[in-house]
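Since the structure comes first, as structure tokens, the remarks are kept for the end.
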Number of protein chains: 2
Amino acid sequence: MLVMSMKEKRELIHHLRTLLPKHVRIQIKHYQKGDNVTTYLAKRNQICIVLTGVVDLVRYDRNGNKTIVERYRENDLFGEAFHPVVTNNELFVVAKEKSEILQLVYDDLHLKEDKSDMILCHHLFQLATLKAIDQNIRIELLTKTTIREKLLFYFSYLAINNYGKEFTIPFSFTDLSDYFNVDRSALMRELKHLTDEGFIERKGKNITLLY
Amino acid sequence: MLVMSMKEKRELIHHLRTLLPKHVRIQIKHYQKGDNVTTYLAKRNQICIVLTGVVDLVRYDRNGNKTIVERYRENDLFGEAFHPVVTNNELFVVAKEKSEILQLVYDDLHLKEDKSDMILCHHLFQLATLKAIDQNIRIELLTKTTIREKLLFYFSYLAINNYGKEFTIPFSFTDLSDYFNVDRSALMRELKHLTDEGFIERKGKNITLLY
DNA sequence: ACTTGTCTGTTGCAATTGCAACACTTTTAT
DNA sequence: ATAAAAGTGTTGCAATTGCAACAGACAAGT
């Protein structure tokens, strides 16, 4: 199956680790909160998998606006390979908390025609698919025209993932506004409107949908 | 190499077609301009590759606003698998021009341990990576805060791909505004401002960067 | 050639959002 | 324990954008 649960994803990573071909050089590195995991500069063709923790891919524009381009959690795939130098960007990968990252060099897995190579490749394809799914959700979120629509879309996404109309937002509001790419105060204002108009109930980051 | 040129990508697809394992069921379908390629409903785990032509993944929201979620060109990968049903979306894939689409069922390529299977898997991973790259560019574009920044980012992207400060926009302005997810008239207005302020010269869709 | 439809270009006005600034609470580090 | 830092919540105001509406250019089809 291409679409898989968290559990299946975890098993996939475990399988991948146990079956890593010997000719594929890997490193497992540990990072503390705030550490720069790796800068998007030279080292091309490096693929990283988050084993534990959370890391953010962030960008600062000329005006100092911060955007969380993507947030990677346990078992997510990322790497320079996915961010070709198309413009003069400043991208940073920063550990949001204590994290453990598996790094491997893509070029190593070139068609050695052994079974474990094949499994690795297959797993990487699945991970890349899952990544694409996350990216599509983000794109869908960003293409909502108003903050209200962004919030409602995001809430219904969380509701489906938590199987219910009550859930806790897994971001701080500051980070959420970076992820939505909107002003934080404007986001808070819209949350207030949604509460006042009876669409949601809110206690801190706990939301209950009333519709 | 993970990052590859158009030519390399074309060769990859060619290779993939000649080496398709026999147990993988494929179909090559032809579509005319305006045809609905496939609706994002039931058929999961189908992977599509554009052989010729252009197809758009579009969404209409409640207010009738159209958004081009993604545009797929020759050798691009798409499919229901990348769009899990997370919300009540209405996604359509529409042929923008006469197109030829290769469709294969993902479940067929499950670990048959033969060489061509491995190559197919490897190629699919590469395609998925290229897809992720495109998605990242789109995300970067969408996270620009103003229409001006979106235009300048997009222009510099085109300039790099065309190796020069002169290029032709490969969208109609109507489609470009759908892709940027902004109002068309607002986009035209901003183009005018950029021209008036001497950032660009424009004749129809031909742009020259003056900075 | 003519009609139909789509695309381009422009403008006034209203609505949403970003910005700046502030007070207050919570978390983190020493 | 206490200081410093980060996050939350709120508001007025300005700026950007969306919307509506229109006219002319261009393209496609009969």
Side-chain angles (χ1 to χ4, degrees), chain A residues 32-35 54 56 58 60-68 94-98 141-152 168-197 200-207, chain B residues 32-34 56 58 60-68 94-98 141-152 168-197 200-207:
Chain A
Q32 296 304 315
K33 179 178 177 178
D35 281 357
V54 177
D56 283 345
V58 296
Y60 294 91
D61 67 17
R62 285 181 300 283
N63 314 323
N65 288 320
K66 175 186 169 190
T67 306
I68 298 178
V94 180
K96 182 77 181 171
E97 52 187 63
K98 194 163 179 277
L141 178 77
L142 289 171
T143 53
K144 300 293 173 187
T145 44
T146 60
I147 295 178
R148 169 166 300 210
E149 283 183 334
K150 286 184 168 79
L151 280 168
L152 293 179
T168 303
I169 298 174
F171 277 104
S172 73
F173 287 114
T174 303
D175 284 352
L176 192 65
S177 69
D178 288 338
Y179 183 72
F180 280 22
N181 208 46
V182 299
D183 183 74
R184 187 188 59 83
S185 67
L187 186 140
M188 300 302 289
R189 178 179 359 183
E190 198 53 41
L191 273 175
K192 193 156 175 283
H193 291 165
L194 284 172
T195 310
D196 292 349
E197 294 172 35
I200 60 168
E201 256 175 29
R202 179 167 84 90
K203 273 184 193 141
K205 282 184 259 187
N206 298 328
I207 306 284
Chain B
Q32 297 302 316
K33 179 178 176 177
D56 283 345
V58 297
Y60 295 91
D61 67 17
R62 285 181 302 283
N63 314 323
N65 289 320
K66 176 185 167 190
T67 306
I68 298 177
V94 180
K96 182 78 183 170
E97 53 186 61
K98 194 162 178 278
L141 178 76
L142 289 172
T143 53
K144 300 294 174 189
T145 45
T146 60
I147 294 178
R148 167 167 300 208
E149 283 184 334
K150 287 184 168 81
L151 280 169
L152 293 179
T168 303
I169 298 174
F171 278 105
S172 72
F173 287 115
T174 304
D175 283 351
L176 192 65
S177 69
D178 288 338
Y179 184 72
F180 279 23
N181 208 46
V182 299
D183 183 74
R184 187 187 59 80
S185 66
L187 185 139
M188 299 302 289
R189 175 170 38 200
E190 197 55 41
L191 273 174
K192 193 156 176 283
H193 291 166
L194 283 173
T195 311
D196 292 348
E197 295 173 33
I200 60 168
E201 255 175 30
R202 181 166 83 89
K203 274 184 193 141
K205 281 184 262 187
N206 298 329
I207 306 285

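Proteins get letters first, then strands, A, B, ... in listed order; numbering begins at 1 in each.
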> Do Leu142(A) and Asn181(B) have side-chain heavy atoms sitting under 4.5 Å apart?
Replying inline: no
> Over how many whole Å does the gap from Asp183(B) atom CG to dA15(C) atom C1' extend?
Replying inline: 13 Å
>> Could you tell me how far apart Asp178(B) (CG) and dC19(D) (P) are, to the nearest whole angstrom?
In response: 12 Å
>> If I take atom NZ from residue Lys98(A) and atom NZ from residue Lys33(A), how far apart are they, to the nearest 0.5 angstrom?
In response: 13.5 Å
> Rounded to the nearest 0.5 Å, how far does CZ of Phe171(B) lie from NZ of Lys96(B)?
Replying inline: 8.5 Å
> Do the non-hydrogen side-chain atoms of Ile200(B) and Leu191(B) ever get within less than 4.5 Å of each other?
Replying inline: yes
>> I'd like to check the side-chain contact (heavy atoms from CB on, under 4.5 Å) partners of Asp178(B); sequence neighbours left out, ordered by chain and number.
In response: Lys66(B), Ile68(B), Asp175(B)
> What residues form a side-chain hydrogen bond (donor to acceptor under 3.5 Å, both in side chains) with Thr143(A), not counting sequence neighbours?
Replying inline: Arg59(B)
> Listed by chain and number, what are the side-chain hydrogen bond (donor to acceptor under 3.5 Å, both in side chains) partners of Glu197(A), not counting sequence neighbours?
Replying inline: Arg148(A)
> Leu194(A) CG to dT17(C) P: how many Å, rounded?
Replying inline: 11 Å
> Through what angle, rounded to 10 degrees, does the axis of the helix from dA1(C)-dT30(D) to dT30(C)-dA1(D) turn between its ends, using five pairs per end?
Replying inline: 70°
> What residues form a side-chain contact (heavy atoms from CB on, under 4.5 Å) with Lys205(B), not counting sequence neighbours?
Replying inline: Thr168(B), Ile169(B), Ser172(B), Phe173(B)
Protein-nucleic acid N or O pairs under 3.5 Å, nucleotides 24-29 of chain C:
none

> Atom NZ of Lys144(B) and atom C1' of dT17(D): how far apart are they, to the nearest Å?
Replying inline: 19 Å
> Do Lys192(A) and Met188(A) pass the side chain to side chain contact (heavy atoms under 4.5 Å, CB included) test, and can you show the C-alpha distance, the side-chain angles, and the key distance before you say yes or no?
Replying inline: CA-CA 6 Å; Lys192(A) 193 156 175 283; Met188(A) 300 302 289; over 6 Å; no
>> In this structure, how many angstroms lie between the P atom of dT16(D) and the CD1 atom of Ile147(A), rounded?
In response: 17 Å
> What integer distance in Å separates Gln32(B):CD from dG29(D):P?
Replying inline: 11 Å
> Between Arg148(A) (CZ) and dG18(D) (P), how many Å, whole number?
Replying inline: 18 Å
Tabulate atom names and distances for all N/O pairs under 3.5 angstrom spanning the protein and nucleotides 4-10 of chain C.
from: dT8(C); atom 1: OP1; to: Phe173(B); atom 2: N; distance (Å): 3.3
from: dT8(C); atom 1: OP2; to: Phe173(B); atom 2: N; distance (Å): 3.0
from: dT8(C); atom 1: OP2; to: Thr174(B); atom 2: N; distance (Å): 3.0
from: dT8(C); atom 1: OP2; to: Thr174(B); atom 2: OG1; distance (Å): 3.1
from: dG9(C); atom 1: OP2; to: Arg202(B); atom 2: NH1; distance (Å): 3.0
from: dG9(C); atom 1: OP2; to: Arg202(B); atom 2: NH2; distance (Å): 3.3
from: dG9(C); atom 1: N7; to: Arg184(B); atom 2: NH1; distance (Å): 3.0
from: dG9(C); atom 1: O6; to: Arg184(B); atom 2: NH2; distance (Å): 3.1

> Looking at residues at least two apart in the chain, or sitting in another chain, which of them share a side-chain contact (heavy atoms from CB on, under 4.5 Å) with Ser185(B)?
Replying inline: Asp183(B)
>> Less than 4.5 Å apart, side chain to side chain, heavy atoms only: is that true for Leu152(A) and Leu194(A)?
In response: yes
> In whole angstroms, how far is the P atom of dT10(D) from the CG atom of Leu187(A)?
Replying inline: 13 Å
